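Only one structure is covered here, and it is reproduced in the block below.
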Amino acid sequence: MPTPLKRSFDYLLPLDITDLAINDLKPGLRVLAPFGHRQLTGILLEVKNSSDVPAAKLKPAIQILDSDPVFSPQMLELCRWAANYYQHALGDVLSNAIPALLRKGHELIDQKETRWRLSTEGKGLPEGALKRAAKQAQLLTLLQQRTSINTTDLSTSGVSRTILNALIKKDLVEKFASEAAAPTSPNNESDGTEEPLVLNEEQRIALNSVNIQKRYQCYLLDGVTGSGKTEVYLQLIAKCLEKDRQTLVLIPEIGLTPQTVSRFRRRFNCHIALLHSGLTDRERLLSWQSAKSGQAKIIIGTRSAVFTQMGNIGLIIIDEEHDSSFKQQDGFRYSARDIAIKRAHQLRCPIILGSATPSLETLHNAQQSRYQHLHLTQRAANAKPPLYELLDIRNAPMDEGFSSALLAAIKKEITAGNQVLVFINRRGFSPMLMCHDCGYVAQCHHCDARMTVHFQQGMLRCHHCEGQEKLLGFCPDCNSRQLDFRGSGTERSEQALNRLFPNTQVIRIDRDTTSRKLAMQELLENVHEGTPCILVGTQMLAKGHHFPDVTLVAVIDADGGLFSTDFRGPEKMGQLLIQVAGRAGRASKPGKVMIQTHHPEHPLINSLVNNHYHSYANQLLEERKVSGLPPFGHLALIRAESSNPQQPEEFLRALRSGIETNGQTVDSGSRLFGPLPAPMARRAGFFRAQLLLQADRRKNLHQCLKALCNIGEQHTLANKIRWSVDVDPIDMH
Ligand code: ADP
Ligand code: ZN
Ligand code: ZN
């Protein structure tokens, strides 16, 4: 049952079940059953002839919801493994692994859908007809380009239903019911027409090294940004398609999907199913069904797509494997990358992890020959690697975060007709509001955090909870109007750039400017036209995009990551910098990366810009080895939070002493640290504490963790506070 309880529940058969149906009961079927005062959708795990629960207490299930199991035996096994590995309730793991509609007890969707196409008369219209009705003309063009469209196509093109009806009324368009229309069945004439590129030597070696056989092998495709990793993926998928096997492609973020998907579409004329949070529940279920039935040959999705069942899987690809979005950060805290590797192992298929900046874990595994290491060291298509330059800003006069050297460089590029990308990893106007007269600092009332000023919205917002309040023009403590905005975010940089470059378009990309659906695409259209402009944005800009006309990447502040309290801080900062830098000069124009820092002599930052990612990563690996941190040791974090300030620590202390009286930590070679207040000790009104478990061997970690969880589950506070287990945490906050 989908509950946080780590156990299964026994039910009697539904009262109205027939003998025939009893014979068809298989693990993996969904079952509707009473649970407390509710009815929940559970998953049948096993059919038994007896129960430990007294017969009088057993309740009958209400209904068997499926005739075919929604979970294959392999997927059930994988979920059991994951529940055990992440110390999470199996019921919740299972419910995470299926689309929301199935979780809610919805039945499978009959895969017929309504589509529209041009009528004979409509087909007779010349290109550019209906000029006087712009929207009608737009729809006509769309229908001329594609053989048919569905409601999703209609809404993404921004044409309303009224316009469609107008064309139907004119007999130019007709409705029809289409069979088996997966959300992205091929429907564009250019689909599948693009020829594969001629690979360079390194790409060819990489391609030929991967064995598309029914055998497990993990490969690390370690290729600098723009080296043509995607081309290698595409040609591997082609090999897989030849054998009529499916490929699962996991990508980090939805923002990347349009670009990635159109690239796949141009190459392959087959069903491609998408699975990401931007879809409606119905679309997700359709994608899921088309993957399971084998109709979709390529499945592209974000994190949770790792649980997509596929009839005939032949290959798994994880693009940007280092990306932290592959780890779920709440509830069932799994790593989609690690589960994918387990899955490839279980299903005996090759798996490719691709990145320009592999995570230290993956790099270590490759160095230990657990993964086969494939290298792409050169940029494809003759693009040159970017040149790095550190700008020492100690004592330099600054204008809203920009040194004069940086401003001069930006000016030079714009004058030459190029584009510039300014990277500042903080949104909003300013991260701190202070009163110059009394020293008041605007704090969130619910968190140990400062409010961020969002000037355009006239708001103070907390970036850690939903907290927000109006931005007043005076200090709430002393009424002074001498307010001081300390530090810059994207909004302030945008404003400054508009002032400094009044004749140049400044385009801001962050969560605030792209929250509307399609906003990102619209903003980036401007950039892709190639006119000189300045892009200013957060890490959203670092991921996957391709800006051929950007010749300068400016990093406003590189120092944050160097002095992070999180041991992964430097790793994340290095990856981010290399990824942002990789946006520059990807086509014919060479790129330059200028990094402002107060620590130009810092060995890490020097290693990064002079020797690039690998020597930087190896340096970090050395440090991790000395301190027994991942990948040399293993971690699990137990977090507890409550509105009561004492209870989280009290609970975690009980866990620690419970296990220490057993002598278990010493025996198993694991160590406990804490309980300590979390780095942000109060968030959204909750007091937070954590207990860290460290062990040199994974087996020991899990043994000890299991014992800790057992103690936790029996503790009187277990149901009064919120607590969770994070195995292999990537964020220690
Ligand atoms: P990555 O995924 O490693 O960032 P891409 O696959 O996006 O790199 O390739 C970067 C650019 O180089 C793309 O424009 C792509 O079309 C081009 N490219 C890739 N491989 C080749 C090749 N063998 N010959 C010519 N151009 C290539
Ligand atoms: Zn004041
Ligand atoms: Zn807050």
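What you see below is based on every heavy atom in this structure, not just the backbone, and it leaves out hydrogens, waters and symmetry mates. All values reported here derive from a predicted model rather than from experimental measurement. Counting starts at 1 for both ligands and their atoms, following the listed order.
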**Message:** Tell me whether the rings of His614 and His373 are parallel (<30°), tilted (30 to 60°) or perpendicular (>60°).
**Reply:**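 His614 and His373: tilted rings.
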Numbered atoms of ligand 1 (with element) below 4.0 Å of [X], judged on heavy atoms:
X: Asn200; value: 23 (N)
X: Glu231; value: 6 (O), 20 (N)
X: Val198; value: 22 (C), 23 (N), 24 (N)

Using a 4.5 Å cut-off on heavy atoms from C-beta on, say whether the side chain of [Y] contacts that of [X].
X: Ile424; Y: Val536; value: yes
X: Lys327; Y: Asp338; value: no
X: Tyr616; Y: Ile578; value: no
X: Arg683; Y: Cys447; value: yes

Check the side chains of [Y] and [X] for a donor-acceptor pair under 3.5 angstrom, ignoring hydrogens and angles.
X: Asp549; Y: Gln419; result: no
X: Thr551; Y: Glu413; result: yes
X: Arg568; Y: Ser324; result: no
X: Asn644; Y: Ser642; result: no
X: Gln367; Y: Asn618; result: yes
X: Thr225; Y: Gln579; result: no

**Request:** Determine, step by step, whether Leu552 and Asn418 satisfy the side chain to side chain contact (heavy atoms under 4.5 Å, CB included) criterion, reporting the C-alpha distance in whole Å, the side-chain angles of both residues, the deciding distance to 0.1 Å, and the verdict.
**Result:** CA-CA 8 Å; Leu552 171 64; Asn418 296 323; over 6 Å; no
Can an N or O of [X] be found at a distance shorter than 3.5 Å from an N or O of ligand 1?
X: Thr225; value: no
X: Leu197; value: no
X: Ala380; value: no

**Asked** So what's near the Zn ion (ligand 2), protein N, O or S atoms under 2.8 Å?
**Response**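 Checking every protein N, O and S atom gives Cys435 SG, Cys438 SG, Cys475 SG, Cys478 SG.
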**Asked** Looking at ligand 1, does Gly223 have a heavy atom less than 4.0 Å from it?
**Response**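 No, Gly223 has no heavy atoms under 4.0 Å from ligand 1.
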**Request:** Decide if atom CZ of Arg511 counts as having more than 12 heavy atoms of other residues, nucleotides or ligands within a radius under 6.0 Å.
**Result:**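 Counting other residues, nucleotides and ligands, CZ of Arg511 stays at 12 neighbours or fewer.
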Given that the side chain starts at C-beta and the backbone is N, CA, C, O, which of these parts of [X] lies under 4.0 Å from ligand 1, counting heavy atoms, or is it both or neither?
X: Arg263; result: side chain
X: Arg379; result: neither
X: Leu376; result: neither

Less than 3.5 Å apart, which donor and acceptor atoms pair up between the side chains of residues 476-484 and the rest of the protein, not counting sequence neighbours?
{"residue": "Ser480", "atom": "OG", "partner": "Asp437", "partner atom": "OD2", "Å": "2.8"}
{"residue": "Ser480", "atom": "OG", "partner": "Gln482", "partner atom": "N", "Å": "2.9"}
{"residue": "Arg481", "atom": "NH1", "partner": "Gly473", "partner atom": "O", "Å": "3.4"}
{"residue": "Asp484", "atom": "OD2", "partner": "Arg486", "partner atom": "NE", "Å": "3.1"}

**Message:** What protein N/O/S atoms are there under 2.8 Å from the Zn ion (ligand 3), waters excluded?
**Reply:**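 Protein N/O/S atoms under 2.8 Å of the Zn ion (ligand 3): Cys444 SG, Cys447 SG, Cys462 SG, Cys465 SG.
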Under 3.5 Å, side-chain donor or acceptor atoms of residues 451-461 against the rest of the protein: list the pairs with distances, not counting sequence neighbours.
{"residue": "His454", "atom": "NE2", "partner": "His463", "partner atom": "NE2", "Å": "3.0"}
{"residue": "Gln456", "atom": "OE1", "partner": "Arg508", "partner atom": "NH2", "Å": "3.0"}
{"residue": "Gln457", "atom": "OE1", "partner": "Arg461", "partner atom": "NH1", "Å": "2.5"}
{"residue": "Arg461", "atom": "NE", "partner": "Gln468", "partner atom": "OE1", "Å": "3.1"}
{"residue": "Arg461", "atom": "NH2", "partner": "Gln468", "partner atom": "OE1", "Å": "2.5"}

**Prompt:** Quick one: which of Ser355, Gly354, Gly228 has a heavy atom closest to atom 8 (O) of ligand 1?
**Reply:**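 Looking at heavy atoms only, Gly228 sits closest to atom 8 (O) of ligand 1.
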